[in-house]
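Worksheet: one structure, shown below.
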Amino acid sequence: MFELTYNNSIWSFGYIINHDNEKLAIPKFIYQELTINTNTLQMFITIAQIGSISGAAEEMGYAQSNISAKLRQLENDLNTKLFFRTNRGITLTDNGKDFYAKAIKIVSLTDDAINQLQHPEEIHGNLKIGTLQTAASTFLPQILSKFHQQNPQVELSIETGTTLLSAQRILNYELDGAIIGGKVSNQKLVALPLMSEKLCLVTANTPDIDIDNSSLLVFPVGCAYRKTLESWLDSKQIMIHHPIEFNYLNAIIASVSAGLGISLLPQKVVQPYLDQGTLKAIELPDQFSILPISFIYRRDYIITHSFKQFLENLK
């Protein structure tokens, strides 16, 4: 009995004796080797995160036909369907979701191991960090500056979003971690407390502001400041009127100054405008004016050298 590898397949050979007393090798197929590498896994991850083959092809700089062919080959190799195809794009099957989580970890571990071997004296890697816009305009820049000076070879990507959006993106492996406001109760996430943030209700610096009938200038649903403001209004039995959503912190501040409505923001952010007299602050009870700020990441996250250094800088 012997084995032979040919064309990525394993064959086993046994022997029989024919009528002429000759020994003949009889092949028996054992299994097909998988032709999967980290490039294949990264392609699959990109398709899953973007939600379309054409979008993934554009992101990776390949022809769509090439990506489609590679995906078909991957599904054939695994003997399973990884995506549901619809007119609106593609979504992961249950098997695809399981494979996606494992593929993320394999690629992360492989990249980290290669970086350590190739650059033993310095830290390399990629980090995608989510944050609140308010954090990005106050304490985060100093942390990022220190981290970058210590680890100039690490590629950083900072993406702003609400607490809810950042948590969802972490759970989907699209962010390594994020700075959030308030609490997220999900057993799959680890939360590292950073600080308590002082909030204040801000209005235009004009007399006789009618809080009861003012429009709320807020970030999209999922924002901790918006949730806290709505809770305070509910405690005062004030009906919520005309919430106006913004994606940018500066736009909220400018619109409050112009008298469009009211908002709840960190005092550190609005203090310069309070000093200038363009905004006026209204104190709220502690339960509505103190917000815990934390850094969250997945409990099953592979702690790479670059991520470990980032955590050290947050302390």
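Below, each value reflects all heavy atoms present in this structure, side chains not excepted, and no hydrogens, waters or symmetry copies.
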note = Residues at least two apart in sequence or cross-chain that pass ring-ring contact (aromatic ring centres under 6.0 Å, His included) with H148, listed by chain then number, are none

task = Taking atom CD of Q142 as the centre, report whether more than 12 heavy atoms of other residues, nucleotides or ligands fall under 6.0 Å from it.
result = yes

message = Take a 6.0 Å sphere around NZ of K227 and say whether it holds more than 12 heavy atoms from other residues, nucleotides or ligands.
response = no

note = Students should find that the hydrophobic cluster of Y248, defined by side-chain heavy atoms under 4.5 Å apart, otherwise consists of none

task = Looking only at non-hydrogen atoms, find the nearest pair between T162 and C223 and report the distance.
result = CB-N, 3.7 Å

ask   = Heavy-atom count around F99 CZ within 6.0 Å, excluding the residue itself: above 12?
value = yes

key: Atom CD of E58: over 12 foreign heavy atoms under 6.0 Å   = no

task = Say whether, by atom type as modelled, one donor and one acceptor occur between the side chain of D234 and the main chain of E230 under 3.5 angstrom.
result = no

request  = Compare all side-chain heavy atoms of L229 with those of Y225 and state whether any distance is below 4.5 angstrom.
outcome  = no

query = Donor-acceptor pair, E75 side chain versus L82 backbone, under 3.5 Å?
reply = yes

query = So with a 6.0 Å cut-off around NZ of K198, is the heavy-atom count from everything else above 12?
reply = yes

ask   = Among side-chain atoms of Q153 and H119, is any donor-acceptor pair under 3.5 angstrom?
value = no

inquiry  = Any carboxylate oxygen within less than 4.0 angstrom of a Lys/Arg side-chain nitrogen, looking at R298 and D176?
reply    = no

request  = Kindly determine whether V202 and C200 satisfy side chain to side chain contact (heavy atoms under 4.5 Å, CB included), including the steps that lead there.
outcome  = CA-CA 6 Å; V202 288; C200 61; 3.9 Å; yes

request  = Taking atom CZ of R85 as the centre, report whether more than 12 heavy atoms of other residues, nucleotides or ligands fall under 6.0 Å from it.
outcome  = yes

query = Stepwise, does the side chain to side chain contact (heavy atoms under 4.5 Å, CB included) test hold for I302 with D112?
reply = CA-CA 10 Å; I302 303 298; D112 193 46; over 6 Å; no

inquiry  = Please list all pairs meeting ring-ring contact (aromatic ring centres under 6.0 Å, His included) that have one or both residues in residues 152-198, counting only residues at least two apart or in different chains.
reply    = Y100-Y173

Pairs of donor and acceptor atoms involving the side chains of residues 182-195, under 3.5 Å and at least two apart or interchain, shall be tabulated with distances.
residue: N186; atom: OD1; partner: K188; partner atom: N; Å: 2.8

message = Using modelled atom types and a 3.5 Å cut-off, is there a donor and acceptor pairing between side-chain atoms of N313 and backbone atoms of Q309?
response = yes

request  = Can you establish whether the number of heavy atoms outside E245 located under 6.0 Å from its atom CD is more than 12?
outcome  = yes

inquiry  = Pair Y301, R299 - check side chain to side chain contact (heavy atoms under 4.5 Å, CB included), show working.
reply    = CA-CA 6 Å; Y301 181 80; R299 192 172 298 278; over 6 Å; no

request  = State whether the side chain of N151 and the backbone N or O of F147 hold a donor-acceptor pair below 3.5 Å, judged by distance alone.
outcome  = yes

inquiry  = Closer than 3.5 angstrom, by distance alone: can the side chain of T86 be matched with the main-chain N or O of R88 as a donor-acceptor pair?
reply    = yes

Result block: side-chain N/O donor-acceptor pairs under 3.5 angstrom for residues 252-269, not counting sequence neighbours:
residue: S255; atom: OG; partner: A251; partner atom: O; Å: 2.8
residue: S257; atom: OG; partner: I253; partner atom: O; Å: 2.9
residue: S263; atom: OG; partner: L217; partner atom: O; Å: 2.7
residue: Q267; atom: NE2; partner: Q271; partner atom: OE1; Å: 3.2

request  = Answer yes when E155 and K128 have at least one side-chain N-carboxylate O distance shorter than 4.0 Å, and no when they do not.
outcome  = no

key: T278 side chain vs Y273 backbone, donor-acceptor pair below 3.5 Å   = yes

query = Tell me the salt bridge (charged side-chain N to carboxylate O under 4.0 Å, His left out) pairs involving residues 208-223, sequence neighbours left out?
reply = none

query = Quick one: are the ring centres of Y297 and F310 less than 6.0 Å apart?
reply = no

inquiry  = Heavy-atom count check: over 12 atoms from other residues, nucleotides or ligands less than 6.0 Å from Q276 CD?
reply    = yes

